Amino acid sequence: MRLHQLLRCAQRVEESSRVVSGLFSHCTRTSVNTFSTSNVSPARKKSSPYSSVDSGRYSSLFKSVVSHRVSAQTPDILEEQDAQIYGPVIKSPTPSKVPKILHPLINQDRLFEFGETELGGAPTRIILRRGQDRGSVPSVTRILQETMSPEQQFYLERWRRKMIAQLGEDGFKEYSQNLFRQGKLFHTAVESVLPLTTKEVPGEDPEEAPEVPSSVEGYMESVRHVLEDVRGVRAIESRVQHEKLGYLGIVDCVALYRGVLCVIDWKTSERSKPFLSNTYDNPLQVAAYVGALNNDVNYNYQVENGLIVVAYKDGSPAHPHTLSSEQVLQYWERWLVRLEEYTERR
DNA sequence: GGATCCTTCTTCTTCTTC
């Protein structure tokens with residue numbers, strides 16, 4: 001078992017034991033009080049002490065205990081088992097965690113006067129010219145895809161095989177296409193709503209409210225509370241390219257979130273993602289876009305912050321994960337490592 | 001018109017009592 005896995009296990013054991021001991025002491029107190037003050041019959045005394053616990057009150061606590069349970073299925077054990085079924089996992093050497101060249105996130109040559117970045121005007125939308133730079137300038141998605149850790153690849157492949165076993169090849173294909181379709185529709189719907197947020201009151205004119213496909217209504221409801229805090233949209237679905245580092249991508253949105261200029265990435269998810277760590281490589285993607293935008297002559301401002309919004313189909317409130325400038329800088333370094341890895345493999 | 005590109009997602013938990 002690797003050191004970081006061991007540390008994670010130890011941390012979870014500590015968390016679990018803390019929660020369990022707390023619950024246990026409360027249950028004991030509750031049980032003592034119940035039995036000493038009530039006139040219960042001997043037969044009822046024998047009933048489980050759990051019956052005296054307010055299960056509704058402690059349901060979330062119970063969930064937190066079981067969700068932090070240390071699984072016997074560590075990656076190493078799973079790999080061992082799966083190696084017997086699927087064959088060995090090909091491992092590559094662990095990449096260095098520090099980039100060889102620490103390129104700056106902010107372009108000091110392109111710092112603008114405050115007045116130059118005033119709000120106003122239509123948001124930038126630079127369409128990707130298809131076929132241009134083909135093969136020579138890689139995209140953010142491609143780089144992240146091709147430099148995933150063996151562990152990440154293992155879990156994804158394992159999930160894919162499990163899904164195919166459940167749905168069949170065709171069923172899985174349809175399922176995946178549907179996920180992509182929903183994601184695209186959601187993006188389109190958000191974009192159609194966004195310009196309204198530049199007004200004093202978002203969506204004040206009901207006649208201007210665009211049609212939202214019924215399949216993404218839940219997602220839209222999910223992000224409603226986030227959109228209320230978005231103002232001053234400056235770019236939508238716009239191409240960004242890092243001129244020195246030679247990569248490109250399409251940024252979902254650049255806008256003020258609670259007054260802070262951010263690169264915003266809209267995501268749909270079937271599973272709840274309450275923590276930033278649940279979003280896998282998404283923060284790296286955002287940091288890559290921030291760096292590219294700051295080094296692209298088509299944009300006359302610099303961005304230091306990020307926002308990842310995870311929306312849910314059932315309409316439950318989306319999780320907005322803000323990335324401070326310090327966090328963006330950290331993910332920027334991790335992105336540089338991945339970029340170097342990609343370049344070295346070419 | 002056809003081919004290609006960038007995205008769109010997917011992972012890191014499944015307990016066993018009442």
Side-chain angles (χ1 to χ4, degrees), chain A residues 2 4-5 8-9 12 16 20 23 27 31 46-56 58-59 62-79 82 126-145 148-164 166-167 172-191 216 219 237-241 247-253 265-273 275-282 285 288-289 292 310-311 313:
Chain A
R2 295 186 201 102
H4 74 274
Q5 289 168 348
R8 215 169 76 187
C9 287
R12 285 189 176 179
S16 302
V20 169
L23 179 59
C27 288
S31 303
K46 281 183 182 174
S47 68
S48 165
Y50 287 113
S51 61
S52 62
V53 177
D54 183 348
S55 59
Y58 295 107
S59 66
F62 177 74
K63 274 181 193 163
S64 82
V65 171
V66 290
S67 69
H68 284 86
R69 185 193 305 273
V70 180
S71 171
Q73 289 188 308
T74 65
D76 287 345
I77 290 167
L78 287 169
E79 261 179 48
D82 284 25
I126 302 168
I127 309 289
L128 182 78
R129 276 172 287 171
R130 296 176 182 201
Q132 185 203 35
D133 299 327
R134 193 192 315 162
S136 60
V137 182
S139 71
V140 172
T141 307
R142 172 182 280 201
I143 294 162
L144 289 175
Q145 197 85 36
M148 275 196 306
S149 69
E151 201 171 83
Q152 221 176 341
Q153 288 177 37
F154 164 78
Y155 283 118
L156 279 170
E157 180 59 17
R158 185 166 146 267
W159 169 82
R160 199 181 69 86
R161 286 173 193 260
K162 205 167 84 180
M163 293 302 281
I164 290 173
Q166 279 175 21
L167 307 169
F172 177 67
K173 206 172 169 183
E174 201 184 319
Y175 167 77
S176 305
Q177 282 173 346
N178 191 41
L179 284 182
F180 285 157
R181 201 179 305 124
Q182 282 187 357
K184 283 178 181 172
L185 282 172
F186 169 62
H187 273 75
T188 311
V190 169
E191 283 158 27
V216 292
Y219 291 118
E237 281 280 310
S238 196
R239 176 188 189 272
V240 289
Q241 179 164 351
Y247 69 86
L248 58 79
I250 294 173
V251 71
D252 275 354
C253 178
D265 212 25
W266 311 103
K267 300 285 177 195
T268 58
S269 179
E270 293 197 313
R271 283 181 163 195
S272 177
K273 291 179 177 169
F275 306 109
L276 185 63
S277 59
N278 300 133
T279 65
Y280 301 97
D281 283 342
N282 292 167
Q285 189 187 10
Y289 292 152
V310 186
K313 195 180 179 139

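Quick caveat, the model's predicted, so the values are computed rather than measured. The chains referred to below are lettered A, B, ... by the order of the sequence lines, with proteins before strands, and numbering in each begins at 1.
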message = Between C1' on B:dT11 and CZ on A:F275, what's the gap in Å once rounded to a whole number?
response = 17 Å
request  = Could you check whether A:D252 gets within reach of a base, just the sugar-phosphate, or nothing at all, counting any heavy atom under 4.0 Å?
outcome  = sugar-phosphate
query = When you match A:L179 and A:I250 each to their closest nucleotide on DNA chain B, which lands nearer the 5' end?
reply = A:I250
ask   = Using a cut-off of 4.0 Å on non-hydrogen atoms, how would the nucleic acid contact of A:E157 be classed: base, sugar-phosphate, or nothing?
value = nothing
key: Parallel, tilted or perpendicular, as decided by the 30° and 60° cut-offs, for the rings of A:Y219 and A:F186   = tilted
task = Measure from the side chain of A:D265, starting at C-beta and using heavy atoms only, and say which of B:dC9, B:dT11, B:dT8 lies closest.
result = B:dT8
task = Kindly write out the residues that satisfy salt bridge (Lys or Arg N to Asp or Glu O under 4.0 Å) with A:K313, not counting sequence neighbours, or none if the list is empty.
result = none
ask   = Within the pair A:K273 and B:dT10, is there a side-chain N or O less than 4.0 Å away from OP1 or OP2?
value = yes
task = Considering just the side-chain nitrogens and oxygens of A:Y175, establish if one lies under 4.0 Å of OP1 or OP2 belonging to B:dT8.
result = no
key: Partners meeting ring pair (Phe, Tyr, Trp, His ring centres under 6.0 Å) with A:Y289 (sequence neighbours left out)   = none
request  = Hey, can you tell me if A:W159 and A:F172 have their rings parallel, tilted or perpendicular (30° and 60° cut-offs)?
outcome  = perpendicular
message = So, does A:S269 get its side chain near the phosphate of B:dC9, meaning an N or O under 4.0 Å from OP1 or OP2?
response = no
ask   = Could you walk me through whether A:E157 and A:R160 pass the side-chain contact (heavy atoms from CB on, under 4.5 Å) check?
value = CA-CA 5 Å; A:E157 180 59 17; A:R160 199 181 69 86; 3.2 Å; yes
request  = Measure from the side chain of A:Y155, starting at C-beta and using heavy atoms only, and say which of B:dC6, B:dT11, B:dT8 lies closest.
outcome  = B:dT11
key: Candidate nucleotides B:dT11, B:dT7, B:dT8, ranked by approach to the side chain of A:F180 - the nearest   = B:dT8
task = Nearest whole angstrom, please: distance from the P of B:dC6 to the CD of A:Q145.
result = 12 Å
query = Any chance CD of A:E174 has more than 12 other-residue heavy atoms, nucleotides or ligands included, within less than 6.0 Å?
reply = no
A:E174 CD - B:dT8 C1' separation (whole Å) = 17 Å
query = How many Å lie between CG on A:L144 and P on B:dT11, as a whole number?
reply = 17 Å
inquiry  = Is A:S176 close enough to B:dC9 that one of its side-chain N or O atoms is under 4.0 Å from OP1 or OP2 there?
reply    = no
task = Could you please name the option among B:dT11, B:dT7, B:dC9 that lies closest to any side-chain atom of A:Q152?
result = B:dT11
A:V140 side chain, from C-beta outward: closest of B:dT7, B:dT11, B:dT10 = B:dT7
request  = Using a 4.0 Å heavy-atom cut-off across all strands, classify A:Y289 as base, sugar-phosphate, or nothing.
outcome  = sugar-phosphate
remark   = Of the listed B:dC9, B:dT7, B:dC6, the closest approach to the A:K267 side chain comes from B:dC9
ask   = Whole Å only: how far is the CZ atom of A:R160 from the C1' atom of B:dT11?
value = 13 Å
Whole-Å distance separating the CE atom of A:M163 from the P atom of B:dC9 = 16 Å
task = Return no unless some side-chain N or O of A:T268 is found under 4.0 Å from OP1 or OP2 of B:dT8.
result = no
message = Please confirm whether the shortest side-chain N or O distance from A:R271 to OP1 or OP2 of B:dT11 is below 4.0 Å.
response = yes
task = Using a heavy-atom cut-off of under 4.0 Å over every strand shown, decide if A:Q177 touches base, sugar-phosphate, or nothing.
result = nothing
ask   = Stacking here means centres under 5.5 Å and planes under 30°; does A:W159 stack on B:dT11?
value = no
task = Determine: side-chain N/O of A:Q182 to OP1/OP2 of B:dT10, distance under 4.0 Å, yes or no.
result = no
